[in-house]
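Structure first, then comments.
Quick note on labels: first sequence line is chain A, next is B, and so on, each numbered from 1. Note that the structure is a prediction, hence the values are computed from the model and not measured.
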Amino acid sequence: MDQKKVTVDGIEQPILQRWAADDVYAYKRDAPGEIYSIDTPPPTVSGSLHVGHIFSYTHTDLIARYKRLRGFNVFYPMGFDDNGLPTERRVQNYYGVRPDIIKAYIPNYKPPFAGTAGKNLKANKYDAISRANFIELCEKLSREDEAKFKELWMRLGLSVDWKHTYQTIDDRSRRIAQKMFLRHLRAGLAYQAESPGLWDVTFQTAVAQAELEAREYPGFYHTIAFTSADGSVVEIETTRPELLVSCVALVAYPDDERYQKLFGTTVTSPLFNVEVPVLAHVAAQMDKGAGIAMCCTFGDLTDVQWWRDLKLPTRSIIGRSGRIEVDANAASWITGGARDFLLELNGKTAFTARSMVVDALKDAGALRGEIVPTTRMTNFYEKGDKPLEIVTSRQWYIKNGGSDDDLQKQLVKRGKELNFVPDFMRTRYNNWVLGLNSDWLISRQRFFGVAFPLWYKIDENGEINYDEPILPDESALPVDPLIDVPADMDESMRDVPGGFTAEKDIMDTWATSSLTPHIACGYEERPQNVEDAKTTRADFERLFPMSLRPQGQDIIRTWLFSTVVRAHHENNSLPWKNAAISGWILDPDRKKMSKSKGNVVTPMHLLETYGSDALRYWAANARLGVDSAFDEGQMKIGRRLAMKFLNLAKFVLSLQPDEVLKLGALRTFENALSGVTEDVDKSMLVGLCEVQRSAFEAFDDYNHAPALEIIETFFWSFCDDFVELVKKRAYGEQENSVHGAHEEVRAESQQSSASAKNALLVALVLQSHLLAPFIPFATEEAWSWWNADSIHTSTMVHNLIIPPFMKGTRTKNTEGTRMSEDEEVCARSLQSSELFKLVSTTLQVVRRIKSEQKLSMKSPLKTVRLGLSAENINLLWSTVGDLRMVLNITCELQLVESGSSEVEVLDFEL
RNA sequence: GGGCGUAUAGAUCAGUUGGUUAGAUCGUCUGCUCGACACGCAGGAGGUCACAGGUUCGAGUCCUGUUACGCCUACCA
């Protein structure tokens, strides 16, 4: 290290290269330390990163680095999420292809484009390819996206072990997703059912409860008259008159006085003349609409509930396309002329059908009153733009407590066992679990994703037998049933009577994402290969349940919950012990930062302008679970801290003899510690040990922000007060040395000079460790000036919690029993760090004098008379020499007893 | 409609079990080229703790209500 100026600019790249070359963050499979494993959120590779990602990923990295500092063997993998609709669209547009289940796999397939050309293609110009080919292209493109992500993560200083990465569509993820599905299936935890469910007419797929989004949607209330047997009229209100033909009952609340007489009777619908019962059900609401509702199959989820509870017939007319789709022959409940009208409606959109029905109702005089516009909340698929319909279809489910009270209770209990940080986030989990109204729908009628590993037999009549699916052997996974064939069959038997047919559906992305602990930790039966970094079952046993799941609050209902469900089913365990939930980054108008709002701030220019440590510092300042407004002004604070640290290190090291620097921190430390002899030096170190203890306590509770605050406050006080105080002494200048002292005095003076240097060195080492999780680049840079190893693999801090001079005589605590070592240290620390605090206050009051006189800090004062308590005079006495030097008091610094407990300047002379 | 969270200096945030005069940083103002650091140092100004009640000797903190904002959830009669 030379005398030129130090800077944080440009220090990252060389350090990153060293970290990579030395494998600094490697998970050590056979190391003895306690394991700390992290279920890192796999970012969506087709998206882009903004400062919100920087924020939450930094929080995780702080924990990882802290645990490593404390001697844990940290397993910190990284996943990339490339499974699901966003990637499907990106791959489609990028290469000009689309997946098609009827296409055969083409080896060495070359897509027609590679770039943006695909974006403008018309639908029929896309090259239709097999699912297997599509997945290959996805993996290819994702690798490019991943490289960009990795670059940014590394630049930010994430201490991820880059040998442990996975993609949610890769072979291993597909193997584990399929394996777990088969295991659930055998255990009766996964099942298929033909039932009404939410359906997106645009994407042509079933949708799960977790993917719903309620949005405002305009509609119109229509009042329709039904006729009862005695000729009286029953008026109902509906926003969906087109469903009149599929009405199966009228439903009102059991206690509703208005309808008591009607319960148990039947009424007849207008236009179609269908006789339907009037029934009572508690889900009916007296204050809504007319208080009596038309139950259709199916208009909404309440209809499904009534249909199920009241055992009503099914009269569906809405098809998968969202149009009226009815087989007039099968519509046996309709008779006479109404049939012709129904045939007219066939093939029409719901919208067109509605106006046709309304016109007909008007003509028939069955439409009462005005048509009233309304806006109500309606369920949409989160990625769709048309309201969901309810369509009956055969789907696969995993039990999640939505239809099983006992399981629901168990899952609530799991939530109680999990340590949510912050704790109130558990409420979101509970609300979701208790609000579930059905099992988890995992099948999607899409083309890109993990296939269900299933085939079905086709009987001699060509009927598919869904009840007894053909399962592959676990060793054959991953399988694509569209390409692979069941064990005892061959391709010629595909889709022919007496043969088999593939399950064409794919799994929901969450069905794979819910297994990230299993994927990352290696839940596979595979021999452990020492050369192979990838985890296997032997690792899984060590790593699972994982220590930590960091994630956003918005996906508690999806990612967190579904992962808990899978681990509960498969391992009868929680997947992790702690869940750390980060808050949002808000824009300056306090709106959530998100790509769709167009208010995102991208991080690269910030990293370049302020340095990685600065961004980390900004993120570290926010507590878990608390939203934080983005403010670029905050970036410079972290940069200032990193810069200050480099300068401090440069100064402290410049005072040390060469042989100390050559030995490095580890071999110098004990000597330096025992060479601290002066009271004020010891006092400072005791204060630092207190800081370390409280910072560790905060960190142990996942409170990185208070930990940083404690460390940082000490750091600045250390720089401004302690360093200034002992500087002259460290340089070897002492008051009495100017008078040509005796041998004895000179020896004392040498010792006290050494004490200052040693204390500075010890404090530097300790603070390097404490700051390392927050500003890993600056601390590493300074460390490299005198050490060959990385500070991030140093766990020295263990042995340094109790410096030898703090181990004094044993004392008793207030109960008269012997103190534990910790208690004793605590008691002594509190006492003995007082001197350093007193010195800081003293410096402050005298500096104020100079500042008020508009003098330079260097300018001399002849005399200063300080008023203090008797106790403080005793304490401060040993430091008068240092104080006189730093304050440049030429004649006398008098300490006078005053009534006040404060330190005050009674008098001074210029 | 139900739930969770937030509201403290111009800005971003701390504020422990209720306890002297509510803290920090940025910005702003005044001064200082000090042998690590001007990307620095010293000092100052700046607050009716969202609002209204209540409990208490004492409330930023506890209770009740209100308002604003964010999020979750429910709602297609």
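- Interface remark: the A/Lys288 side chain does not form any donor-acceptor pair with the B/rG1 base, using a distance-only criterion of under 3.5 Å.
- In this structure, A/Arg623 reaches the B/rA14 phosphate: one of its side-chain N or O atoms is under 4.0 Å from OP1 or OP2.
- Using P as the reference atom, B/rA7 and B/rU17 are 16 Å apart when rounded to the nearest Å.
- Proximity of A/Thr239 to the phosphate of B/rA77: a side-chain N or O atom is located under 4.0 Å from OP1 or OP2.
- A 6.0 Å sphere centred on OH of A/Tyr217 holds no more than 12 heavy atoms belonging to other residues, nucleotides or ligands.
- A close approach under 4.0 Å does not occur between any side-chain nitrogen or oxygen of A/Lys850 and OP1 or OP2 of B/rC41.
- Nucleic acid contact for A/Ala622: none, since no nucleic acid atom lies under 4.0 Å from a heavy atom of the residue.
- Comparing the same atom, P, in B/rA74 and in B/rA11 gives a spacing of 37 Å after rounding to whole Å.
- When the P atom is used for both B/rU6 and B/rC13, the distance is 13 Å, rounded to whole Å.
- Residue A/Arg640 places no side-chain N or O under 4.0 Å from the OP1 or OP2 atom of B/rU25.
- The aromatic rings of A/Phe715 and A/Phe645 are tilted relative to each other, their planes meeting at an angle between 30° and 60°.
- On a pure distance criterion of 3.5 Å, a polar donor-acceptor pair joins the side chain of A/Arg639 and the base of B/rC39.
- A/Lys854 comes within 4.0 angstrom of the backbone, heavy atoms only, and of no base.
- The cationic atom of A/Arg215 (NZ for Lys, CZ for Arg) lies less than 6.0 Å from the six-membered ring centre of A/Phe380 and within 45° of the ring axis.
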